[in-house]
2 protein chains.
Amino acid sequence: MNPQIETRSEIRADIIKALAHPSRVLIAEALSDGERCVQDLTKLVGADISTVSKHLSIMKKSGWLEVEKRGLNQFYRLRCPCLLEFFRCVDLINLVRPKKTENQACC
Amino acid sequence: MNPQIETRSEIRADIIKALAHPSRVLIAEALSDGERCVQDLTKLVGADISTVSKHLSIMKKSGWLEVEKRGLNQFYRLRCPCLLEFFRCVDLINLVRPKKTENQACC
DNA sequence: CTTTTATTTGGCTATTCTGCCAAATAGATA
DNA sequence: TATCTATTTGGCAGAATAGCCAAATAAAAG
């Protein structure tokens, strides 16, 4: 198929995928509290700064984040407060999620 | 670290990851309209039935879906209507997402 | 009990994603 | 201009995912 044309489910999956990593969730959580520069987020995540920079660029490209340069720093922030609603939904799912013990029972 | 202990961001990322694929988004969209059996979802997705079955098991394990067997069929359904809210948030992000043309301009 | 239908599981390959290091860039400061 | 600081990019190796086929299960129907 034409790779230029994304279906709705592909678009949605791309945007969702941009949050589907523990470090990116952590970054999103931190930014829901206000903008942060790359160094600060790197301390938070505990990975190499180049790794964090790549996570940020994925999140920016997908539309979750925007960035503003001031002085030597790049300040990243959330583009939409709906993220909190998004996490609320995820946490609801976690409540009904089958527990590991249920799945691992015997066998 | 102890692999038994999942941090909040890991839990959230796992649940989000379970929707981070075009076929799984498609499945979720279909199920928001009511339960479906594996065959029907397979037609919808257009992949091998074993592939679809694996997608379903990922979604079930994460808590998004539940399943009920009736006769020869397994009927899958959404566990929580909050999914629609979730997609609404994703679609909002899509509106502010940087366009490909903006990114691909020259070079 | 055998066969049929629906679904899941195992196994393998191909692709995509992650994370680190090293090098490049961009601006600020000396 | 040279240097420092913050960040991004390139590249590579290892890990995780996705998809297909074939085989295994499970229950219904004959």
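Just so we're clear, the structure is a prediction, and the values are computed from it rather than from any experiment. Chain naming here is simple, since letters A, B, ... match the order of the sequence lines and numbering starts at 1 in each.
If you measure from atom NZ of K17(B) to atom P of dA16(D), you get 9 Å, rounded to the nearest angstrom. Atom CD1 in I58(A) sits about 12 Å away from atom P in dT9(D), given to the nearest Å. Rounded to an integer number of Å, the gap from CD of Q39(B) to P of dT4(C) is 16 Å. If you measure from atom CG of L65(A) to atom P of dT7(D), you get 14 Å, rounded to the nearest angstrom. Remark: P of dA16(D) and CD of E10(B) are 12 Å apart, rounded to the nearest angstrom. At whole-Å resolution of the value, CG in L56(B) and P in dA6(C) are 16 Å apart. The separation between M59(B) atom CE and dT8(C) atom P is 13 Å, rounded to whole Å. One atom, CD of E68(B), and another, P of dA6(C), lie 18 Å apart when rounded to the nearest Å.
Contact annotation: the side chain of D14(A) approaches that of K17(A) to within less than 4.5 Å [non-hydrogen atoms, C-beta and beyond].
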Where do N or O atoms of nucleotides 21-28 of chain D meet protein N or O atoms at under 3.5 Å, pair by pair?
unit_1  : atom_1 : unit_2 : atom_2 : d
dC21(D) : OP2    : D48(B) : OD2    : 3.4
dC21(D) : N4     : S50(B) : OG     : 2.8

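Among L31(A), I27(A), L83(A), the single residue meeting the side-chain contact (heavy atoms from CB on, under 4.5 Å) criterion with W64(A) is L83(A).
Using a 4.0 Å heavy-atom criterion, one finds that K60(A) contacts no nucleic acid atom at all. Y76(B) comes within 4.0 angstrom of sugar-phosphate atoms only, judged by non-hydrogen atoms across all strands, and of no base.
Residue N73(B) places at least one side-chain N or O closer than 4.0 Å to OP1 or OP2 of dT7(C). For dA6(C), neither phosphate oxygen OP1 nor OP2 lies less than 4.0 angstrom from any side-chain nitrogen or oxygen of R70(B). Distances shown here put every side-chain N or O of Q74(B) at or beyond 4.0 Å from the OP1 or OP2 atom of dT7(C). One finds a side-chain N or O of H21(B) lying less than 4.0 angstrom from the OP1 or OP2 phosphate oxygen of dG19(D). Residue H55(B) places no side-chain N or O under 4.0 Å from the OP1 or OP2 atom of dT17(D).
Under the 4.5 Å side-chain contact rule for hydrophobic residues, L41(B) and L65(B) share a cluster. A continuous path of ILVMFWY side-chain contacts below 4.5 Å connects V90(A) to F87(B), so both sit in one hydrophobic cluster.
The pair D40(B)-K43(B) meets the salt-bridge criterion, with a side-chain N (NZ, NE, NH1 or NH2) lying under 4.0 Å from an Asp/Glu carboxylate O.
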**OP:** Start with the C-alpha distance between V52(B) and S23(B), add both sets of side-chain angles, then the distance that settles side-chain contact (heavy atoms from CB on, under 4.5 Å), and finish with yes or no.
**Re:** CA-CA 8 Å; V52(B) 173; S23(B) 302; over 6 Å; no
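Checked against dT7(C), dC20(D), dT18(C), the side chain of A47(B) finds its nearest nucleotide in dC20(D).
Between H21(A) and H55(A), the ring planes are tilted. Angles from 30° to 60° get that label.
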